[in-house]
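Data first, discussion second: the structure below is written as structure tokens.
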Amino acid sequence: MNELLWLCFALFDMGITVLMHRLFGAAGLHALIVLNLMVCNIQVLKTVTLFGMTTTLGNIVYAGVFLATDMLGEFHGKAEARKGVLLGFVTLLLGTAYMQASLLYAPAPSDFAHPHLEALFGLLPRLAGASLLAYLVSQYHDVWAYHFWMQRTEGRHLWLRNNASTLVSQMLDSSVFCLAAFIGVYPFEVVLEIMLTTYLFKAVVALLDTPFIYLARRMHRARPADAHAAAAPAAG
């Protein structure tokens with residue numbers, strides 16, 4: 001059932017991304033970036049077996065961040081997409097710091113939550129740093145690459161800029177995180193295996209999100225003119 005649940009959740013998450021934009025515009029995508037980043041950094045602590053391979057959870061909601069930034073760039077401009085990236089980074093940094101601070105408090109004798117919070121949020125500084133570095137590198141590349149391909153194709157071929165930017169950015173994310181977090185901890189062949197399996201699942205989600213960005217564009221164009229006057233829809 002893991003495979004079916006994984007696929008259904010991937011479709012659900014991408015559908016929610018489109019719905020949040022339809023209901024709340026750019027603010028909805030900004031909120032979703034923050035939510036997905038916080039959730040994926042908790043889900044990633046759980047390992048599961050998918051299609052005969054062991055991997056971590058969190059790949060779906062993290063891939064949803066790339067869909068959200070692509071939609072921000074498509075419908076609201078490059079500056080708004082960069083704002084979403086920075087907002088996600090600052091929120092993730094503060095959330096990590098706040099939870100680390102909460103672990104410093106001595107629990108009361110009757111407390112039952114501290115060991116569980118420690119297991120979830122007592123991350124090594126190296127892992128937290130690797131996650132933040134990988135996010136910043138991959139997301140800023142995604143925003144740059146999306147608009148690079150938009151300019152090169154003169155606004156045509158939405159599927160190309162969506163996939164070309166996200167697939168390379170996901171590779172950067174997996175590579176930076178695994179190298180920063182695991183080199184010297186595991187043998188290089190193990191690090192390479194983790195990197196490849198992690199990227200594989202992210203790439204599948206990236207390909208699945210293409211119909212959803214087309215749906216989002218259709219819905220965006222159907223809104224009243226004053227709802228999206230700030231960003232003219234791209235041709236294609």
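Not measured: the values here are computed from a predicted model.
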Examine [X] and [Y] and state if one hydrophobic cluster contains both, with Ile, Leu, Val, Met, Phe, Trp and Tyr joined whenever side-chain heavy atoms are less than 4.5 Å apart.
X      : Y      : answer
Leu23  : Phe212 : yes
Phe89  : Leu172 : no
Leu133 : Val85  : no
Tyr105 : Met99  : no
Val176 : Ile183 : no

So, taking the atom named [atom1] in [X] and the one named [atom2] in [Y], what distance separates them when rounded to the nearest 0.5 Å?
X      : Y      : atom1 : atom2 : result
Leu72  : Ile33  : CG    : CD1   : 5.0 Å
Asn162 : Phe66  : CG    : CZ    : 11.5 Å
Phe112 : Ser110 : CZ    : OG    : 9.5 Å
Leu67  : Asp209 : CG    : CG    : 4.5 Å
Thr166 : Asp70  : OG1   : CG    : 4.0 Å
Asn163 : Leu207 : CG    : CG    : 5.5 Å

Q. Given the side-chain rings of His76 and His30, with only the six-membered ring counted for Trp, is the space between their centroids under 6.0 Å?
A. no

Q) Are Trp144 and Tyr140 near enough that their ring centres are under 6.0 Å apart? A) no

Q: Test Glu74 against Tyr146 for side chain to side chain contact (heavy atoms under 4.5 Å, CB included), laying out the working first.
A: CA-CA 9 Å; Glu74 181 71 20; Tyr146 190 91; 2.4 Å; yes

Using a 3.5 Å distance criterion without hydrogens, assess whether the side chain of [X] forms a donor-acceptor pair with backbone atoms of [Y].
X      : Y      : result
Glu3   : Phe51  : yes
Asn41  : Leu37  : yes
Ser138 : Tyr135 : yes
Gln100 : Phe121 : yes
Tyr199 : Leu167 : yes
His147 : Val143 : yes

Do you know the tightest heavy-atom contact between [X] and [Y]?
X      : Y      : value
Tyr214 : His157 : OH-C, 4.5 Å
Cys178 : Met195 : SG-CA, 3.7 Å
Arg156 : Arg161 : O-NH1, 2.8 Å
Gly95  : Met38  : CA-CE, 4.0 Å
His21  : Ala26  : CD2-N, 4.2 Å
Ala81  : Gly73  : CB-N, 3.8 Å

State, yes or no, whether a side-chain contact exists between [X] and [Y] at a heavy-atom distance under 4.5 Å.
X      : Y      : result
Ser169 : Gln139 : no
Leu208 : Leu7   : yes
Asp13  : Asn36  : yes
Arg152 : Phe148 : yes
Thr55  : Thr47  : no
Asp173 : Asp142 : no
Tyr62  : Gln170 : yes
Trp6   : Phe201 : yes

Is the number of heavy atoms from other residues, nucleotides or ligands within 6.0 Å of [atom1] ([X]) greater than 12?
X      : atom1 : value
Gln43  : CD    : yes
Phe12  : CZ    : no
Tyr186 : OH    : no

**Q.** Check against ring pair (Phe, Tyr, Trp, His ring centres under 6.0 Å), Phe182 and Phe177
**A.** CA-CA 8 Å; Phe182 301 132; Phe177 175 77; 5.7 Å; yes

Q) Hey, are Asn2 and Thr49 close enough side-chain-wise for a donor-acceptor pair under 3.5 Å? A) no

Q. After noting the C-alpha distance and the side-chain angles of Glu80 and Phe75, does the key distance pass the side chain to side chain contact (heavy atoms under 4.5 Å, CB included) rule?
A. CA-CA 9 Å; Glu80 202 68 26; Phe75 307 128; over 6 Å; no

